[in-house]
Peer 1: 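Here it is, the structure, as structure tokens.
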Amino acid sequence: MSAQDTVLVVGSGPAGLSAAATVAAMGKKAVLVEKEDVLGGAPIISGYAKLVPSGEWAKDAIGRMVSRVEGDGNIAIHKQTKVSKLDGEAGSFTATLSDGKTVKAGSVVLATGFTHFDSINKPEWGFGTYEDVLTTTQMEQMVSSGQIRCPSDGRVPERVAILLCVGSRDRQIGREWCSKICCTVSTNLAMEIKEISPQTDVFIYYMDIRTFGLYEDKFYWKSQEEFKTKFVKARIAEVTKSPDGRLLVKGEDTLVKRPIVIPMDIVVHAIGMDPSLENPEIAKIFGVGLEKHGFIDKAEQYTNSQGTTRKGIYVCGAATGPDDIDSSIAQGQSAGARAVADLHGRQKVAV
Amino acid sequence: MAIHEKTLIDPDRILQHDHLVIDGVDVSGSWNTMISPRTLTDYDDGFEKVIQSYAGAENVHRCWQCGSCTNSCTMYAQNVDFNPRYWIYLIRLGLKAELLKDKDIIWQCVSCNKCTNICPKDVRPEGVMKATAHWLEENGLIAKTRSTMFDEEFTEQCIEYGRIEDTEVMVGFFKKSGQPLVQAWIVEFGKRLTKHLPLSQLTKMGMNVVFRPKTKSWGKTGEVLAEYVKAQKEAAHHG
Ligand SMILES: Cc1cc2nc3c(=O)[nH]c(=O)nc-3n(C[C@H](O)[C@H](O)[C@H](O)COP(=O)(O)OP(=O)(O)OC[C@H]3O[C@@H](n4cnc5c(N)ncnc54)[C@H](O)[C@@H]3O)c2cc1C
Ligand code: SF4
Ligand code: SF4
Ligand code: SF4
């Protein structure tokens, strides 16, 4: 392998898998470096249930992306590995991996994704204090297990509350972005819960509902109209426990203009997408800039699509900001194509 | 549509005849109740800016109506009509007449700042409450609050003498707010004070009340200061 026919892809979530497959499909070689011991990124590592919008199980859908890459002779995979040093410049990079190996590559694609918001940072909402307060990822795992039960005592919940925007859209904790996918994921989760456990009623506490584009009728309306999900316009201030062991959600129902203290059996935090905890390190090793929220900064988007602040290094997926799987895949293809074009040395970019 | 909020019906919108007979049918009292429509017919576009011109209310435009402030509010726990989230909405749209319906409770904010600590948009609702109360006072829409009277007495003395004298401020404040000078707690306070303070200190305090010493070479400083404060106020709210 020489630098002229190789692209280094860092991260193997939907974006990285798509970038690597694109590079190989265009007749070049991809070296895929993943820090975990499995490929697939967040949907696999966190065990998501059925994906929006396809309705396919994550392990099947993303699993297909993984086997496409694993079965490709043009793609070399390094698991449990990170890039510890990057020398050279666009056209002739040399990466030193954490296992000591070196990789020569003409261009680099960063697909290092995001980090789930840690609900411990919002203690007033009861996560870490009460067993029956969960995150969307934990609830997805419960859905995957096929049974909806309160973790505390195994009873079937009469009511589940989903609190939106946990760790997003909140100046108090420096999260000034919308995580884009959690509204849709939550309305979908409400339907999945109802499907498995018809006697459970699901309430979604919202400030805005952002089921963008075609997700409106397929998820928001369907959840409300067919699956009887109740939508309450209130930002919950506090989750506590009542003497009978049920949870209490407290807030102001802004449409009724009245305080509410409503008993619930399970409370789910619709957690947001934080910049990857790795980003400061990635910025240093790869010499790329971060934007003001801490995601990887993008270059001018119109002619330098998926570019970073450094020539020859591209970025895709949730590494650039909250995004869904479909967009991450599209960006992965775009970044892969840009990286291959670099190998040909035939790009016109106004930088 | 169901009426989900009965308090929204102002008494003067409920139309009812005590004695009414239509086509020989007696429909007196609640049988003929009608509710006149509650239609808002305009926004006062400049109102938000006016409130914003008061210190502390600069961020009112950031509010997205999540209700966290109201829920956390100390006063809301006492009285659900005390609703900062709702008032901020009215301020933002310029629904002044609606806001004025609550003019007699808005000043009750106790500045605990629980709202400010929870607000996800950093609106600082406490500042907005204070600003609104000041706006109401300055425009004669509510009687001056006691805290304003106290502030005024305090400021007047500062400007006149370049300093304040505690007893004088209290006496002036009681006069302004129409309170009796002799109140049980003051008597008790005086008793304990005489018990614990040395005689020399007490004498000095007494002399100060009688002779009102000015700060040395205060001269025209007070007048200049008063001018400046006035100019600042005008620039802030009418500029
Ligand atoms: C609760 C929840 C549910 C969701 N459900 C859906 C859904 O149903 N449908 C949908 O479209 N989207 C969904 N999303 C969004 C989805 O998770 C993201 O769009 C997607 O994971 C982004 O893919 P990615 O490849 O950019 O990043 P990731 O999935 O985060 O993958 C990044 C990969 O890079 C690796 N990595 C990171 N740093 C390094 C490093 N320094 N060196 C090597 N490897 C590294 C990571 O280990 C990981 O494998 C959901 C998000 C959340 C929070
Ligand atoms: S997608 Fe919905 S839940 Fe997620 S941050 Fe945006 S508004 Fe909040
Ligand atoms: S500062 Fe005022 S408005 Fe804010 S919570 Fe306290 S009493 Fe309520
Ligand atoms: S907490 Fe802040 S954003 Fe929410 S309603 Fe109150 S002022 Fe508005």
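As a basis for the values below, the full set of heavy atoms in this structure was taken, side chains included, without hydrogen atoms, waters or symmetry mates. Because the structure is a prediction, the values reported are computed rather than measured. Below, chains carry the letters A, B, ... as their sequence lines are ordered, and counting in each starts from 1.
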Peer 1: Please say whether more than 12 non-hydrogen atoms of neighbouring residues, nucleotides or ligands are located less than 6.0 Å from CH2 in B/W31.
Peer 2: no
Peer 1: Residues in ring-ring contact (aromatic ring centres under 6.0 Å, His included) with A/F219, at least two apart?
Peer 2: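 So A/F219 forms a ring-ring contact (aromatic ring centres under 6.0 Å, His included) with A/Y215.
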Peer 1: Please identify each residue that fulfils ring-ring contact (aromatic ring centres under 6.0 Å, His included) with A/F114, with sequence neighbours left out.
Peer 2: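 With neighbours one apart ignored, the set is A/H116.
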Peer 1: Distance check, rounded to the nearest 0.5 Å: B/K121 atom NZ versus A/M207 atom CE?
Peer 2: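 Atom-to-atom, B/K121:NZ and A/M207:CE are 9.5 Å apart.
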Peer 1: Taking atom CH2 as the centre, does B/W135 end up with more than 12 heavy-atom neighbours from other residues, nucleotides or ligands that are less than 6.0 angstrom away?
Peer 2: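 Enclosed.
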Peer 1: With a cut-off of 6.0 Å (strictly less than), are more than 12 heavy atoms of other residues, nucleotides or ligands near OH of B/Y89?
Peer 2: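 Counting neighbours around OH of B/Y89, 12 or fewer heavy atoms of other residues, nucleotides or ligands fall under 6.0 Å, so no.
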Peer 1: How close do A/Q172 and B/I118 get, counting heavy atoms only, and between which atoms?
Peer 2: NE2-C, 3.4 Å
Peer 1: Under 4.5 Å between any side-chain heavy atoms of A/R258 and B/V80, yes or no?
Peer 2: yes
Peer 1: About how many Å separate OH of B/Y86 and CD of A/E252, when rounded to the nearest 0.5 Å?
Peer 2: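 The distance works out to 11.0 Å.
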Peer 1: Can you confirm whether more than 12 heavy atoms, excluding those of B/L15, are under 6.0 Å from its CG atom?
Peer 2: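 Count over threshold, so yes.
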Peer 1: Work out which heavy atom in A/T254 is nearest to a heavy atom in B/R85; give both atom names and the distance.
Peer 2: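 Taking A/T254 first and B/R85 second, the nearest heavy atoms are O-NH2, 3.0 Å.
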Peer 1: Can you give me the closest heavy-atom contact between A/R171 and B/D122, atom names plus distance?
Peer 2: CD-CB, 3.6 Å
Peer 1: Below 4.5 Å from any heavy atom of chain B, which atoms of A/A234 appear? Answer side chain, backbone, both or neither.
Peer 2: backbone
Peer 1: More than 12 heavy atoms of other residues, nucleotides or ligands under 6.0 Å from OH of B/Y228: is that the case?
Peer 2: no
Peer 1: Name, in order of residue number, those residues of residues 70-78 of chain B that have a heavy atom at a distance of less than 4.5 Å from a heavy atom in chain A; otherwise write 'none'.
Peer 2: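 Hits under 4.5 Å: B/T70, B/N71, B/Y76.
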Peer 1: Quick test of your reading: applying salt bridge (Lys or Arg N to Asp or Glu O under 4.0 Å), list the pairs with at least one residue in residues 176-186 of chain B, sequence neighbours left out, ordered by first then second residue.
Peer 2: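 Found B/E153-B/K176, B/E156-B/K176.
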Peer 1: Can you tell me how far CG of A/D170 sits from SG of B/C66, rounded to the nearest 0.5 angstrom?
Peer 2: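 The distance works out to 9.0 Å.
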Peer 1: So for A/R169, is it side chain, backbone, both, or neither that comes closer than 4.5 Å to the heavy atoms of chain B?
Peer 2: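 Interface part for A/R169: both.
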Peer 1: Got a sec: does the CG of B/D23 have more than 12 other heavy atoms crowding it under 6.0 Å?
Peer 2: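 Counting neighbours around CG of B/D23, 12 or fewer heavy atoms of other residues, nucleotides or ligands fall under 6.0 Å, so no.
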